[in-house]
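Below is one structure, written out as structure tokens; comments come after it.
So you know, we letter chains A, B, ... as the sequences are listed, proteins then strands, and number each from 1.
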Amino acid sequence: MSNTSIMIVGVGGQGTLLASRILGNTLIGAGYDVKVSEVHGMSQRGGSVTTYVRFGEKVWSPIIEKGGADIILSFELLEALRALPYLKPDGQIIVNTQQIDPMPVITGAAEYPQGIEQTLAQRSRLTAVDALALAREAGSIKAVNVVLIGLLASRTSIPREQWEETLRATVPPKFLEINQRAFALGYEYQ
Amino acid sequence: MKPQLMIGNAAVARGAYEAGVRVVASYPGTPSTEITESVVQYPDIYCEWAPNEKVACEVAIGASIGGARAMTCCKHVGLNVMADPVFTASYTGVNGGLVIAVADDPGMHSSQNEQDSRHYAEASKCPMLEPADSDECLAYTKAAYELSECFDAPVFLRLTTRVAHSQSMTRLSDPADVPLRDYVKNPAKFVMAPANAIRRHVDVERRTLDLKAFAEETELNQVIGHGAKIGVVCAGISYLYARETLGEQADYLKLGMVWPLPEKKLRDFAAAHETVYVIEQLDPFIETCARSLGLNVIGKEAFTWLGEYTAAMIRRAVLNAEDAPAPAADVQAPVRPPVMCAGCPHRGTFYVLKKLGLTVCGDIGCYTLGATPPLSSIDTTICMGASIGVALGMAKARGPEFAKKLVSVIGDSTFIHSGITGLIDVVYNKGINTVIILDNSITGMTGHQDNPTTGKTIRGEATKQVDLELLAKAVGIDRVRVVDPFDVKAMETAVKEEVAADEPSLIIAQRPCALLKYVKYTGHCRVDPDTCRNCRVCMKLGCPALTVREGRVVIDTTQCNGCGLCVNVCPFHAIEKEGE
């Protein structure tokens, strides 16, 4: 069996680390060899952030190469575009349609590209979702990460209960209810 | 025990716990910080954030002399700071085992240079182990303590960013019961005055020979054979990259010990293969050794000295295989560099410095981002603490007129780390420099570690707090003032007055990091489109929440935390806090 590679991309501060933790722990629960790689530190300060998650029978490198991702889970539109070269030719993208302007756009040195969704749709199996709206519906805009994990979960063969078990083990009890709602809204998104 | 998914750094901490380590002292530095942070979960280990790496290392050395297994952790540039005690600890050797965990940062994800720490092992004559994944991080940490006590040497454990920050399956065991060793006064071993050091140097050279013999025997250095014609010599993460890419098309000499290197093993491996590649990031450390043995290996001529390696690079170099162009390689996406967070207290200071057009000697921390547009304030960034010495040097070179348009900016933790000595130099040598301490009440960039100015220890216990005002006065700075950087008018006045003064001065720009739990900004700011004259003064702040849509300034409420700095700078009172 060949390995599966999932890339989680977003903007520092969006909660990609929690998402990768839920994903990683669920995959171990399902009995896979798992490697998760992310970079902490400077890039976390509002910059582009990337987490690589690879799983299968035996995983060597923790890094995903260009053209190597089966799934890209993107927390932001522009970051999905940036990650596109990493997608396999038949890969799928799940993207939150939220737009966060990077500093070169804010200063006027660059423009936020138009028509990103169309570009992504032409080159991948695309699911675009307004995860911010669903997170708001769940009770907190901070739950964007769990909405997206819910959506990703619905595309895997791992049973829903297993994801929900990890969620319970990973999220502080105070925020569990909101996150359970967020997960459900993502999982059931059509 | 069930294997756990752990980052390499947490696995090193677990290894220390299982090895019976009693004392861990470090200064934070990406990508090494989480080792010491993870030690906090083991209540029986004494751990601390030291003011800098040198002190941290000395604490660990003292603990080792005192009979305990001890550890200090740092990033590659932190090892420069601790180099002085390390080189002599190599001579004294240890009592309890001593391990120095050092994390290099190929690709400079969060660093100011790309130095290769392996040279320190050779230069200080202390053995160095290099794990490839989290399971090895744990196992090699334990092995390092055995080695340290067996050979009477401090032992380096070298990580790289991808090993330190990647999670992989890690096998845990119960901690060993390692008793505190006796402390017996032994000046011949621990007082490194020349007469003793001359004798210890003999021991060090003998030890190196013993370590070389050990390197040939140890299972840390293993041949993984598939009967291939291609041989690959590698260590750490490079092994995983090579293994992923080349699979069973190559045999591997995987080195778990990168200094001293096993010369006979290298010779035998080279002799058994038609083509031998040395795959190592950064400097040709193993390659240079192989070449000195007269071995015909392929190294840096096929690979790069720069940055991180990739599978594609290895495919190209070893298999001569060009990858198909990546799909969508043509997409253009504007870069998203890191920025100061919404609500960052440093923003107010840099806004003022930019406005006044001053030359700014910067330092290491989140505020290094003050160099990037639109704030673009910082002229120099060298290393921890350098902002003050560099500014003094510039002022001495260019004279008092230049000095009056010059400031140093340095964070609270960095000031304690190595800014104090620079400040003393300014006073002692009659500088007229102005230093601004960006006091955000935390060590920010590395992810919120307490330091001597926060009044809390690594375990969150209350402790004495360094009083920066008193400290500055004690070293002879008569002009000291504390300003809120969000009060931009007061900040501007303070900076103007202090740079104009004919004596040294210190401004403490005091406001806590917006990400600290106790900092509670509420609501959002809002631009009133009727009052806004579109002057764009607010856009000079470089706040990630302020942007322009359809020609007008708007505030992205998903990014805004309601800190109110933009309210303070708007000349037309067109920005307001919602609900106020």
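- The part of A/Ile141 that comes within reach of chain B is its side chain, from C-beta onward, which places non-hydrogen atoms under 4.5 angstrom from that chain.
- Contacts of A/Gln122 with chain B are absent, with no heavy-atom separation under 4.5 Å from either backbone or side chain.
- A/Glu188 CD: more than 12 foreign heavy atoms inside a 6.0 Å radius.
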(message) For a side chain to side chain contact (heavy atoms under 4.5 Å, CB included) check, start with the C-alpha distance between A/Val34 and B/Gln167, then their side-chain angles and the critical distance, and finish with the verdict.
(response) CA-CA 8 Å; A/Val34 181; B/Gln167 302 171 48; over 6 Å; no

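- Between A/Pro104 and B/Pro337 there is a side-chain heavy-atom pair separated by less than 4.5 Å.
- Between A/Arg54 and B/Glu244, at least one side-chain N (NZ, or NE/NH1/NH2) sits under 4.0 Å from a carboxylate O, which counts as a salt bridge.
- For the pair A/Arg82 and B/Val335, the tightest heavy-atom approach, listed with the atom from each and the gap, is NH1-CA, 3.6 Å.
- Annotation for A/Lys35 and B/Ser168: closest pair CE-CB, 3.7 Å, computed over non-hydrogen atoms.
- To the nearest 0.5 Å, the span separating NZ on A/Lys66 from OG1 on B/Thr310 amounts to 9.0 Å.
- With hydrogens and angles ignored, the 3.5 Å screen pairs no side-chain donor or acceptor of B/Arg336 with any backbone N or O of A/Leu78.
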(request) Begin from the C-alpha positions of B/Arg549 and A/Tyr112 and carry the test side chain to side chain contact (heavy atoms under 4.5 Å, CB included) through to its verdict. (result) CA-CA 10 Å; B/Arg549 296 273 162 86; A/Tyr112 198 98; over 6 Å; no

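- For chain B, the option among A/Glu79, A/Lys142, A/Gln98 with the highest count of heavy-atom pairs below 4.5 Å is A/Glu79.
- Between chain B and the options A/Gly91, A/Ala110, A/Pro62, A/Gly108, the largest number of non-hydrogen pairs under 4.5 Å is found for A/Pro62.
- For a residue to count as touching a neighbouring chain, one of its non-hydrogen atoms must lie under 4.5 Å from one of that chain's; by this rule A/Leu27 does not touch chain B.
- By number of non-hydrogen pairs under 4.5 angstrom with chain A, the leading residue of B/Glu34, B/Met539, B/Gln4, B/Arg162 is B/Arg162.
- With a threshold of 4.5 angstrom between heavy atoms, B/Ile237 approaches chain A through side-chain atoms but not through N, CA, C or O.
- Counting heavy-atom pairs closer than 4.5 Å to chain A, the top-ranked of the candidates B/Leu515, B/Thr245, B/Leu240 is B/Leu240.
- For A/Ile106, the parts lying near chain B are the backbone and the side chain together; criterion is any non-hydrogen pair under 4.5 Å.
- The minimum heavy-atom distance linking A/Glu111 with B/Pro334 is given by the pair O-CG, 3.6 Å.
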(request) Assess whether side chain to side chain contact (heavy atoms under 4.5 Å, CB included) is satisfied between A/Leu132 and B/Thr558, documenting all intermediate values. (result) CA-CA 9 Å; A/Leu132 194 62; B/Thr558 67; 3.4 Å; yes

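- The line from OG1 of B/Thr547 to CD1 of A/Ile100 is 11.5 Å long, rounded to the nearest 0.5 Å.
- Proximity to chain A (any heavy atom under 4.5 Å) is restricted, for B/Cys543, to the backbone atoms N, CA, C and O.
- Interface residue A/Glu65: only side-chain heavy atoms are found under 4.5 Å from chain B.
- By the 6.0 Å contact criterion, CZ on B/Arg171 is open, its count of non-hydrogen atoms from other residues, nucleotides or ligands being 12 or less.
- Few gaps surround NZ on A/Lys58; more than 12 heavy atoms of other groups in view lie less than 6.0 Å from it.
- For A/Glu76, the part lying near chain B is the side chain, with the backbone staying farther off; criterion is any non-hydrogen pair under 4.5 Å.
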